[in-house]
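One structure is given below, encoded as structure tokens.
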Number of protein chains: 2
Amino acid sequence: MRTVHEVSAMTGVSIRTLQYYDNIGLLHPAGHTESGYRLYDDASLERLQQILLFRELEFPLKDIREIIDSPDFDRGRALEQQIALLKLKKEHIENLIDLAQGLKAMGVKHLMDFEPFDTSRMDEYAAQAKASWGKTPEYREYEEKAKGRTQAENAALHNAMMGIFAEMGEIRHEDPSGPQAQDLVRKLQAFISEHLYTCSDDVLYGLGLMHAGGGDFTQGIDRCGGDGTAEFAYQAIRAYCGK
Amino acid sequence: MRTVHEVSAMTGVSIRTLQYYDNIGLLHPAGHTESGYRLYDDASLERLQQILLFRELEFPLKDIREIIDSPDFDRGRALEQQIALLKLKKEHIENLIDLAQGLKAMGVKHLMDFEPFDTSRMDEYAAQAKASWGKTPEYREYEEKAKGRTQAENAALHNAMMGIFAEMGEIRHEDPSGPQAQDLVRKLQAFISEHLYTCSDDVLYGLGLMHAGGGDFTQGIDRCGGDGTAEFAYQAIRAYCGK
DNA sequence: GATACGCCATGACGCAGCGTCAGAGTCAAG
DNA sequence: CTTGACTCTGACGCTGCGTCATGGCGTATC
């Protein structure tokens with residue numbers, strides 16, 4: 001039988017946390033002294049281990065209680081769900097990193113008094129995009145979202161996308177259907193979906209076509225990642241979409 | 001001048017949030033009607049855009065206020081810090097995913113009534129490790145942490161590590177100093193550091209030597225990722241450590 | 001026996017970033 | 001005048017504890 005102090009020292013869990021877990025019914029001590037001190041035995045310690053394991057995996061404490069208390073709980077499914085959730089989080093964070101790097105790259109000083117960065121070329125892009133995929137629902141969605149942002153933000157997004165293309169440029173002499181390139185395509189799709197418009201595989205493929213079309217898009221991208229990047233991106237996207 | 005409702009519709013921010021931002025002094029409306037309704041003008045809308053931009057990057061609201069209110073604030077540094085923080089989070093989540101997959105792979109049913117999974121081999125491992133790097137501080141740290149875990153947890157960790165080696169096995173015919181392999185080495189180091197013991201480059205290199213040594217380690221890893229995986233891992237680690 | 005010091009207990013408040021009522025005032029339309 | 005949509009403020013809830021505040025034990029020292 002161990003006191004809170006001992007258990008805390010053994011497991012690294014704070015005393016307050018042990019008290020809290022007792023309060024919310026997650027982990028009751030095995031017994032109490034006459035004066036009400038909590039006492040833990042091996043069984044409760046084992047339970048604590050389980051709790052800490054699932055807690056590390058960022059399960060909410062409520063769920064942990066369910067998982068541990070019901071022996072016929074489908075832990076496999078719970079784990080899979082949690083893995084899926086963690087993967088989502090990871091992708092989200094990756095997008096944020098790209099966005100932040102796009103922001104940083106464009107020189108943060110001009111974030112408020114924005115004016116450089118060749119907005120004219122962005123307009124060309126927009127015009128070309130309009131011509132290419134006209135009034136698709138995705139384009140309307142894009143316009144919707146874009147008008148809710150400042151110039152600076154749109155530029156940052158654009159910049160971040162170019163950052164992804166730059167990453168592609170770095171590996172443009174490797175296999176476009178290789179895992180690295182495919183990973184970047186996934187990243188691109190996730191980024192667009194999160195910040196610009198819903199980017200289905202079809203839409204993505206359309207983008208790929210546009211990139212390789214030889215127009216300003218192609219040039220803009222090659223200027224970013226080096227000659228041949230646009231073509232490489234198209235090939236990678238094509239492979240990604242299974243075409 | 002727009003009402004809360006309009007601003008909310010335009011930006012997707014909830015009315016409650018606008019009220020909250022007013023309360024904490026993050027975003028005051030430009031003015032009020034006689035009856036006290038909040039009214040926002042273009043300037044306040046622009047400020048809101050800024051807020052949302054930084055909020056998306058997971059800056060705390062307090063920091064956002066500082067960043068926006070002090071024009072001489074070093075946004076570049078703030079962004080870099082945030083990027084570093086996000087990268088840390090990402091790495092942490094990657095580790096969790098590996099851990100969870102390790103858990104799932106070992107068959108979660110045996111998580112509580114643990115017994116299979118050839119514990120004997122794990123003991124061999126431990127013995128060999130003891131012989132190889134004896135009483136280094138890292139090994140003591142490992143023992144410290146290990147005795148605070150259940151058998152099931154340790155097995156899950158072991159399994160997760162094997163998962164990383166399995167990933168290496170998949171690319172064992174490519175370049176060990178290529179970015180993919182290097183990424184996996186980074187992942188391995190991060191995983192070990194987080195779950196087992198502080199894994200400096202030197203320690204990592206020691207591990208690499210051990211892996212390629214031809215003993216049970218080599219066999220265990222090759223069994224996991226296919227013949228040659230251990231050697232490949234050693235080469236990748238060697239390149240990673242710049243040796 | 002009194003005191004001092006350390007460990008333990010409960011209970012309340014605080015944190016971030018809002019969501020969600022509750023109760024009440026406002027505004028334009030019917 | 002009433003209805004219904006919109007707004008206000010204030011208070012509580014959520015997660016997972018950290019951090020007091022206040023007070024009861026336990027043991028060693030004076």
A:I64 atom CD1 is separated from D:dC17 atom C1', nearest whole Å, by 13 Å
Would A:R47 and A:D69 pass as an ion pair if we require N to O under 4.0 Å? yes
Is there a side-chain contact between B:T3 and the phosphate of D:dT7, meaning an N or O under 4.0 Å from OP1 or OP2? yes
Protein-to-nucleotide contact annotation, 5' to 3' order, nucleotides 14-24 of chain C [B base; S sugar-phosphate only; - none; under 4.0 Å, heavy atom]: --SBBBB----
Using atom types as modelled and distance alone, determine if a side-chain donor or acceptor of B:Q82 lies under 3.5 Å from a backbone N or O of B:E58. yes
What integer distance in Å separates A:R65:CZ from D:dG16:P? 11 Å
Without decimals, in angstroms, what is the distance between B:E6 CD and D:dC6 P? 11 Å
Ion pair present between A:E167 and A:K187, side-chain N to carboxylate O less than 4.0 angstrom? yes
Using side-chain heavy atoms (C-beta onward) and a distance below 4.5 Å, is A:Y40 in contact with A:M1? no
Looking at B:T33, does any N or O in its side chain come under 4.0 Å of the phosphate oxygens OP1/OP2 on D:dT7? no
B:N23 atom CG is separated from D:dC8 atom C1', nearest whole Å, by 11 Å
Within the modelled atom types, does a donor on one side and an acceptor on the other bring the side chain of A:Y37 and the base of D:dG26 under 3.5 Å apart? no
Distance, rounded to the nearest Å, where B:E34 contributes CD and D:dT7 contributes C1': 15 Å
Can you see if the side chain of B:R38 gets near the phosphate of D:dT7 - specifically, an N or O under 4.0 Å from OP1 or OP2? no
Give a yes/no answer on whether the side chain of B:H5 brings an N or O atom under 4.0 Å of OP1 or OP2 in D:dA5. no
Would you indicate, yes or no, if C:dA9 has its OP1 or OP2 atom less than 4.0 angstrom from a side-chain nitrogen or oxygen of A:Q19? yes
What is the bend of the helix from C:dG1-D:dC30 to C:dG30-D:dC1 when you compare the axis at one end with the axis at the other, using five pairs each and rounding to 10°? 40°
A side-chain contact here means heavy atoms from C-beta on lying under 4.5 Å apart; do B:T3 and B:V7 qualify? no
Between A:I192 and A:T198, does a side chain to side chain contact (heavy atoms under 4.5 Å, CB included) hold up when you go through it step by step? CA-CA 7 Å; A:I192 293 176; A:T198 312; over 6 Å; no
Distance, rounded to the nearest Å, where B:D22 contributes CG and D:dT9 contributes C1': 12 Å
Look at B:E94 together with A:K90 and state whether they make a salt bridge at an N to O cut-off of under 4.0 Å. yes
Is there a donor in the side chain of B:Q189 and an acceptor in the side chain of B:D201, or the other way round, less than 3.5 Å apart? yes
The test is side chain to side chain contact (heavy atoms under 4.5 Å, CB included); show your working for A:L85 and A:K89 and say whether it passes. CA-CA 6 Å; A:L85 201 153; A:K89 274 195 188 181; 3.8 Å; yes
